[in-house]
Amino acid sequence: MNPLSMFDVNDNVALITGASGAFGMVAARILAGSGCNLVLAAGNQTALDEIAAECREIGAAVVTVNTRPNDEDACEALIAEAVTGFGRLDILVVASGMNKVALINDMTPSDFSAVMDANVTQSWLLARAAAAQMKTQGDGGKIVLVSSARGLLGHPAGYTAYCASKAAVDGITKALGCELGPAGITVNAIAPTVFRSPLTAWMYEDTEEATKVRNGFLARVPKGRLGEPEDLAGPLLFLASKASDFYTGHILYADGGYTAG
């Protein structure tokens, strides 16, 4: 009788990795404002403390972990932090990752492997650890990975590692959506294109270079603008809540129609 109740995540426990990064901070603010208890993990202690303080001001209970999900032990330890701090884990948001941009003959194999490890292997390890805990709890859960429009579309400016890694994230999302569905665990991915963040702020500026790059990009965006952090709020809340219980294995493009044309 109250459709809005389907989006209620109040008192849910959410783990966000990469919480000091562009998407991680957006996710932390969204879920804090929606009443979640948060475990925030990041390698940058200063930035982690800042986003944690902001979430506490919003009213969320927050546990911080100054670490990156670099291996199996680290990923399992992050899940354990949620259970120790709040008794369970309901939502996992994997916002950690990296990009190294270089044309193929300029990119080293070690840089390629680093991007694949950060974006693919660590997503898989985190989903693996979270799924084990959610299965133990026995009442389902929500796993949200972060993909990109570059998982679907190529780019000429040295994105072989990034495009390959995000395509792999899409594959993990689909495979785990099939595998974990019977346990009531949904696995979906948000795939943004350019949205406002410290890394992309220059594209929003009124300079000759920014205007040129921006106009070239906007020529392919039906909505006719770049993304804003609030454009990610609705998709994330949908995927983290009961509203998406019948949706799994999906890649949700938050891109203003960029991948549609």
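The model shown is predicted, which means the values in this text are computed figures rather than measured ones.
S148 places no side-chain N or O within 3.5 Å of a backbone atom of G151 that could act as its donor or acceptor partner. Between the side chain of T108 and the backbone N or O of D111 there is at least one donor-acceptor pair closer than 3.5 Å.
Within the structure, side-chain hydrogen bond (donor to acceptor under 3.5 Å, both in side chains) contacts touching residues 22-33 (residues at least two apart or in different chains) are R29-E54. Pairs engaging residues 128-137 under the side-chain hydrogen bond (donor to acceptor under 3.5 Å, both in side chains) rule: E72-R128, Q133-Q137 [sequence neighbours left out]. The ring pair (Phe, Tyr, Trp, His ring centres under 6.0 Å) pairs that include a residue from residues 207-237 are F217-Y258, where partners are two or more places apart or lie in different chains. Residue pairs meeting the side-chain hydrogen bond (donor to acceptor under 3.5 Å, both in side chains) criterion with at least one partner in residues 80-89, sequence neighbours excluded, are R88-D90, R88-D139. The side-chain hydrogen bond (donor to acceptor under 3.5 Å, both in side chains) analysis of residues 4-21, with sequence neighbours excluded, yields the pairs T17-S96.
In summary, R225 and D231 engage in a salt bridge, as defined by a charged side-chain N under 4.0 Å from a carboxylate O.
Looking at L145, L236, L15, L239 one by one, the single match for side chain to side chain contact (heavy atoms under 4.5 Å, CB included) with V93 turns out to be L236.
Side-chain contact check for Y159 versus V101: some heavy-atom pair is nearer than 4.5 Å.
With sequence neighbours excluded, the residues forming a side chain to side chain donor-acceptor pair (under 3.5 Å) with T259 are D255, listed by chain and number. Annotation: side chain to side chain donor-acceptor pair (under 3.5 Å) contacts of Q45 (sequence neighbours excluded): D49. Under the rule for a side chain to side chain donor-acceptor pair (under 3.5 Å), the partners of D245 that lie at least two apart in sequence or sit in another chain are K142. For R214, there are no salt bridge (Lys or Arg N to Asp or Glu O under 4.0 Å) partners two or more places apart in sequence or in a different chain.
Through direct or indirect side-chain contacts shorter than 4.5 Å among Ile, Leu, Val, Met, Phe, Trp and Tyr, L103 is connected to no other residue.
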Side-chain atoms of residues 182-194: list all donor-acceptor pairs with protein atoms under 3.5 Å, sequence neighbours left out, distances to 0.1 Å.
| residue | atom | partner | partner atom | Å |
| --- | --- | --- | --- | --- |
| N188 | OD1 | G249 | N | 3.3 |
| N188 | OD1 | H250 | N | 3.0 |
| N188 | ND2 | Y247 | O | 3.0 |

Using a 3.5 Å cut-off and no angle test, enumerate the donor-acceptor pairs between side-chain atoms of residues 170-178 and protein atoms at least two apart in sequence or in another chain.
| residue | atom | partner | partner atom | Å |
| --- | --- | --- | --- | --- |
| D170 | OD1 | S147 | OG | 2.6 |
| T173 | OG1 | V169 | O | 2.8 |

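To the nearest 0.5 angstrom, E230 atom CD is 9.0 Å from L232 atom CG.
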